[in-house]
> 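Have a look at the structure that comes next, please.
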Number of protein chains: 2
Amino acid sequence: MKRVNPARRIQSDLEADIRSGRLRPGDRIPIEQDLAGQYGCARATVSKALGELTAAGLIERRRKAGSFVAHPPVHSAVMTVPDLAELIEARGETYRWEGRSVRTLGDAKDRESPPVLRIEGVHFGGDDPFALEDRIIELSEVPSAADVDFKRQAPGTWLLAQLPWTEARHAIRAVGAKSAEARALQVAAGTACLELERDTWRSGRSITHVRQLFPGDRFDLVAEFGNSPA
Amino acid sequence: MKRVNPARRIQSDLEADIRSGRLRPGDRIPIEQDLAGQYGCARATVSKALGELTAAGLIERRRKAGSFVAHPPVHSAVMTVPDLAELIEARGETYRWEGRSVRTLGDAKDRESPPVLRIEGVHFGGDDPFALEDRIIELSEVPSAADVDFKRQAPGTWLLAQLPWTEARHAIRAVGAKSAEARALQVAAGTACLELERDTWRSGRSITHVRQLFPGDRFDLVAEFGNSPA
DNA sequence: CACCCCATTATGTCTAGACATAATATCGAA
DNA sequence: TTCGATATTATGTCTAGACATAATGGGGTG
């Protein structure tokens with residue numbers, strides 16, 4: 001038995017056994033001591049391999065009890081949320097942002113309605129409207145936003161460069177375009193659209209809230225995934 | 001300086017520095033040797049901590065060059081794709097599956113069109129149709145599916161218990177309900193619906209393909225996420 | 001000046017052994 | 001029989017030191 005990268009060998013052997021069904025959910029994996037003997041390596045090495053399999057959601061480890069093949073192969077998908085400009089340019093089209101309305105709302109003195117910037121605009125791919133955007137930026141968190149001309153600069157791209165977020169929540173649903181929205185997107189009223197609503201935070205404090213509306217035929221959200229987010 | 005869980009301390013200290021912006025993307029992190037001295041622990045311990053930060057997408061490590069704060073805080077979301085039955089019951093409604101059509105297609109001898117089971121049906125939450133499903137199951141991969149009565153048993157739930165998948169691909173888009181679909185879902189034709197198309201594989205071999213159609217007002221896909229998929 | 005080779009450096013991986021910790025199994029007492 | 005203390009066991013974490021490996025920066029050569 002060659003001793004190249006024992007950790008990887010253990011990991012990929014077990015992974016193969018699990019994926020192929022030779023090891024089934026709930027099955028017990030030999031204890032680390034035995035695996036170490038079997039592969040001729042130290043227990044720490046086995047432990048590292050098992051640790052990575054745990055992170056990948058393939059196995060579950062319990063003190064004293066041992067390690068087991070994880071139960072329901074986790075149903076979580078890693079969804080990539082790309083920058084719109086990048087996405088459109090990747091398609092070979094020219095990206096353009098058209099700011100329609102930029103207003104400052106709220107008041108620093110009023111705790112109930114802190115000062116925010118409200119921006120509405122349209123993302124274009126070539127000559128076609130690609131998405132309608134309605135965004136609110138918390139000025140208390142991003143004061144420099146007040147000095148930017150969001151009629152010309154897309155707020156998403158700017159914000160990202162300025163102050164990347166650390167937490168977010170997305171809601172995705174299908175809605176019919178209202179007449180004003182339909183006009184902006186150059187589609188018929190009632191056209192099925194994908195609505196993406198995103199709240200982002202940094203260190204627990206809200207930065208921005210955005211609602212994007214994509215005509216159904218112009219956008220697919222794709223989520224790819226195996227078990228490991230690696 | 002207390003020496004409790006040095007690995008975690010290093011990890012959370014760096015994480016705090018990065019999230020707060022004290023360390024900015026591209027910044028260099030002290031070399032492992034120095035961190036080890038600073039925290040009074042072994043280099044292996046520092047290495048483990050940095051390894052986990054790498055997995056979480058917070059830092060990037062390069063041989064000889066050193067470790068750096070990762071560039072664009074990764075925009076990947078962990079999206080949970082729950083079992084429909086579970087989801088509806090979690091809402092306090094009664095789940096019911098109504099199989100509408102179950103047919104066997106294809107031929108074992110024909111390589112171009114292997115034998116498959118095609119199932120159409122509707123998921124109900126209480127008395128309301130919740131989703132329309134159109135599914136194809138590869139009989140060569142799941143032969144026992146031929147013996148199940150999918151008019152009564154929901155195929156998704158059954159398949160999951162039978163043969164969990166290891167890879168999948170989702171496409172999400174908005175479409176208007178066609179008239180037959182609208183009838184089945186008891187909504188007006190053209191109503192905006194969320195279309196979820198999922199292909200699943202096990203060890204690289206296709207198991208099932210499913211298309212689910214949700215009336216826009218009855219379903220929200222929600223993706224929650226910080227940076228770490230942990 | 002351009003190019004290739006090599007020493008240096010920081011990460012990557014591993015070992016053997018130690019102690020900590022949590023969960024289970026066992027045994028004794030009420 | 002049931003409950004609670006205790007021993008056992010397998011994972012969790014750490015250390016100090018070793019060697020491997022890849023990338024960089026420099027130096028020498030054409």
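Just so it is clear, the model here is predicted, and its values are computed rather than measured. Here is the naming used below: chain letters follow the sequence lines, and residue numbers restart at 1 for every chain.
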> Check whether any side-chain N or O of A:N5 sits under 4.0 Å from OP1 or OP2 of C:dT13, and answer yes or no.
no
> Considering residues at least two apart in sequence or located in another chain, which fulfil the ring pair (Phe, Tyr, Trp, His ring centres under 6.0 Å) criterion with A:H123?
A:Y95, A:W97
> Find the distance A:R9:CZ to C:dT13:P and express it as a whole number of Å.
16 Å
> Can you name the ring pair (Phe, Tyr, Trp, His ring centres under 6.0 Å) partners of B:F124, sequence neighbours left out?
none
> Just grab all the salt bridge (Lys or Arg N to Asp or Glu O under 4.0 Å) pairs involving residues 87-98 of chain A, residues at least two apart or on different chains.
A:R96-A:E98, A:E98-A:R100
> Residues two or more places apart in sequence or in another chain: which of them pass side chain to side chain donor-acceptor pair (under 3.5 Å) with B:D17?
B:R22
> Once side chain to side chain contact (heavy atoms under 4.5 Å, CB included) is applied, do any residues pair with B:R43, and if so which ones, sequence neighbours excluded?
B:E32, B:Q33
> Before you tell me yes or no, could you show the steps for A:R9 and A:T45 under side-chain hydrogen bond (donor to acceptor under 3.5 Å, both in side chains), namely the whole-Å CA-CA distance, both residues' side-chain angles and the distance that decides it to 0.1 Å?
CA-CA 11 Å; A:R9 266 178 53 79; A:T45 308; over 6 Å; no
> For each nucleotide in nucleotides 6-12 of chain C, reading 5' to 3', give B when a protein heavy atom comes within less than 4.0 Å of its base, S when such contact involves only the sugar-phosphate, and - otherwise.
---BBBB
> Within the pair A:T45 and C:dT13, is there a side-chain N or O less than 4.0 Å away from OP1 or OP2?
no
> What's the closest nucleotide to the side chain of B:A42 if the choices are D:dT13, D:dA16, C:dT15?
D:dA16
